[in-house]
Amino acid sequence: MYEPSPANKFTFGLWTVGNIGRDPFGEPVRSALSPVEIVHLLAEVGAWGVNFHDNDLVPIDATPAERERIVRDFRAALDATGLVVPMATTNLFTDPAFKDGAFTSNDARVRAYALQKTMRAIDLGVELGAQTYVFWGGREGVETDAAKSPSDSIKRFRDALNFLADYVRAQGYALRFALEPKPNEPRGDLYFATVGAMLGFIETLAYPEMVGVNPEMAHEQMAGLNFLHAVAQAWEAGKLFHIDLNDQVIGRFDQDLRFGSHNIKSAFFLVKYLEDVGYDGSRHFDAHAYRTEDAEGVKDFARGCMRNYLILKEKAARFNADAEIQALLADLNLTDSSVAAYLGPYTAERAAALQAATFDRKALGARGYGYERLDQLTIELLLGVR
Ligand code: DIG
Ligand code: MN
Ligand code: MN
């Protein structure tokens, strides 16, 4: 039970299980693993795929010959283990050149360099099989709004994405873009802070059909938002192109905790939604082990992410099969023949009937919805007593 299989589409970025434990107040605690070692680690724990930023795989100052060797060895490890590369992305946040942003930098030379770096990273991702390309604007923000007009930054980000979409189309790549929002960190404030902001922005692009979102659980929760609602709006709009799963204690910095390790109820409703609607994309764990962990602890972290997803998936199936819960849900949505006539697309007749209708407002307000019982049964199911 709860053993991962390729059908689950569990993926990890090279930077996740490869995290060496450096933080703003401490030096690394673990030795760095090579991309090949990480592929074999992920195969050992049962992952389906591996993702990367360009420089997770090919160092920013690698020579073409080094790039070729690295890619050859990485591809050999993929072939040996059967792991796939569903997603790739660009590191536009580590190098000091990007300290004022990449696509939104006030320095036009940086904006040009960011385009060049991203085109090359897209080529690398496509070369290794990626079909989704993530854009996380880790430095696209400000500490002071004196620095630039936010609408100038929006226009710069749009110009960059339109240029890169045209590049992908010109190259004939079967690639879709997934934009990943975050409210802050490492910049004081990041542009396009939430899934909602990204969904609104996508509609202003030249090729909105190529572009969706990559919601991350910790990022919406950092903003105090309900992650399921963000994911559901993306899904309902046909824009859930990828998802970053992890966990987060609200009001903290981006902790990228093991999935299912803190907000168990939120994780349950998220897994239930993804399974209920038939989401068929990667379940990507953008998270890392506690800094306290050694190499074995990193494997415990990766196994825990996947086990928690599978445990919650089984809980969701039990919720959907629980007779008492389903009976409560069946009684919730009250409709009777008189009301049905009023709801539906506008017609003059329907509007006239509604205007003429009388509603017993006191009776409407007197009704109890039974959510305490429903939520208690949910909690008891999660606590394993039903
Ligand atoms: C951080 O949440 C970001 C980066 O790790 C990466 O660009 C993206 C891909 O999952 N998530
Ligand atoms: Mn994060
Ligand atoms: Mn992420």
Side-chain angles (χ1 to χ4, degrees), residues 9-20 22-24 38 42 47 49-57 60 85-95 98 101-103 114 117-118 121-122 124-125 130-141 157 160-161 164 175-187 190-195 198 212-223 225 227 230-231 234 240-259 261-263 270 281-290 301-302 305:
K9 293 194 175 180
F10 290 140
T11 64
F12 291 83
L14 286 175
W15 69 91
T16 65
V17 292
N19 181 293
I20 57 177
R22 176 183 287 113
D23 71 22
I38 292 171
L42 291 176
V50 58
N51 308 313
F52 58 83
H53 300 83
D54 50 348
N55 300 140
D56 298 332
L57 184 62
I60 197 165
V85 177
M87 178 271 274
T89 184
T90 324
N91 187 322
L92 293 174
F93 45 85
T94 298
D95 191 275
F98 301 123
F103 300 139
K117 191 172 195 286
T118 305
I122 286 172
L124 177 63
Q131 296 182 332
T132 301
Y133 203 81
V134 164
F135 291 80
W136 171 62
R139 298 285 179 191
E140 314 293 7
F157 201 75
L161 287 175
L164 293 163
L175 198 67
R176 298 194 305 177
F177 291 171
L179 309 187
E180 179 174 341
K182 187 178 180 182
N184 61 70
E185 190 200 34
R187 298 303 297 270
L190 293 179
Y191 297 119
F192 311 111
T194 65
V195 168
M198 281 297 189
V213 290
N214 175 40
E216 175 169 321
M217 191 159 186
H219 298 177
E220 297 303 300
Q221 289 176 330
M222 282 170 72
L225 300 174
F227 185 60
V231 168
L240 187 65
F241 286 9
H242 196 266
I243 193 166
D244 276 3
L245 300 175
N246 53 18
D247 213 338
Q248 175 72 31
V249 179
I250 192 164
R252 305 290 197 286
F253 59 92
D254 185 8
Q255 294 175 296
D256 291 339
L257 297 172
R258 181 177 85 257
F259 179 69
S261 65
H262 186 72
N263 303 297
L270 173 68
S282 296
R283 275 77 171 162
H284 176 232
F285 298 107
D286 186 6
H288 55 75
Y290 301 139
F301 150 78
C305 285

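Counting starts at 1 for both ligands and their atoms, following the listed order. Quick note: numbers below take in every heavy atom, side chains included, and nothing from hydrogens, waters or symmetry partners.
- Within the 4.0 Å heavy-atom cutoff, H242 does not count among the residues contacting ligand 1.
- Within D254, OD2 is the N, O or S atom that lies nearest to the Mn ion (ligand 2).
- In this structure, the separation between CZ on F301 and OH on Y290 is 10.0 Å, given to the nearest 0.5 Å.
- Residue contacts with ligand 1: E180 is placed with a nitrogen or oxygen under 3.5 Å of a nitrogen or oxygen of the ligand (distance criterion only).
- In this structure, the separation between CZ on F285 and SG on C305 is 5.5 Å, given to the nearest 0.5 Å.
- Residue contact check: E216 has heavy atoms under 4.0 Å from atoms 2 (O) of ligand 1.
- In terms of polar-atom proximity, W136 is not counted as a contact of ligand 1, lacking any N or O under 3.5 Å from an N or O of the ligand.
- When only modelled atom types and interatomic distance are considered, N214 and D244 share a side-chain donor-acceptor pair under 3.5 Å.
- For K182, no heavy-atom contact with ligand 1 is shorter than 4.0 Å.
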Side chain to side chain contact (heavy atoms under 4.5 Å, CB included) between F12 and V50: does it pass, once the steps are laid out? CA-CA 5 Å; F12 291 83; V50 58; 6.0 Å; no
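- Short contacts between ligand 1 and H219, defined as distances under 4.0 Å to a heavy atom of the residue, involve ligand atoms 2 (O).
- Residue-ligand proximity, M87 to ligand 1, at heavy-atom distances under 4.0 Å covers atoms 9 (C), 10 (O).
- No donor-acceptor distance shorter than 3.5 angstrom exists from the side chain of D95 to the backbone of F98, with no hydrogens or angles considered.
- Within the listing of ligand 1, atoms 5 (O), 9 (C), 10 (O) sit less than 4.0 angstrom from a heavy atom of W15.
- Against a heavy-atom cut-off of under 4.0 Å, H53 is close to the following atoms of ligand 1: 4 (C), 5 (O), 6 (C), 7 (O).
- Defined by atom type and a distance below 3.5 Å, a donor-acceptor pair is missing between the side-chain atoms of Q248 and N263.
- Atoms of ligand 1 found under 4.0 Å from any heavy atom of H284, numbered from 1 in the order shown, are 10 (O).
- For the 3.5 Å distance criterion, the side chains of W15 and D286 qualify, holding a donor opposite an acceptor.
- In terms of modelled atom types and a separation under 3.5 Å, the side chain of D54 and the main chain of T90 share no donor-acceptor contact.
- Between F135 and ligand 1 there is no heavy-atom distance shorter than 4.0 Å.
- Classification of D254 and K182 as a salt-bridged pair holds, one side-chain N sitting under 4.0 Å from a carboxylate O.
- Protein N/O/S atoms found under 2.8 Å from the Mn ion (ligand 3): E180 OE2, E216 OE1, D244 OD2, D286 OD2.
- The distance from atom CG of L190 to atom NE2 of H219, rounded to the nearest 0.5 Å, is 9.0 Å.
- Where the criterion is an N or O separation shorter than 3.5 Å, residue side chain and backbone included, D254 fails it with respect to ligand 1.
- Counting only distance, with no hydrogens or angles, the side chain of R283 and the backbone of G281 share a donor-acceptor pair below 3.5 Å.
- A distance of 11.5 Å separates NE2 in H284 from OG1 in T132, rounded to the nearest 0.5 Å.
- Taking a cut-off of under 4.0 Å to the non-hydrogen atoms of T89, the atoms of ligand 1 that pass are 7 (O).
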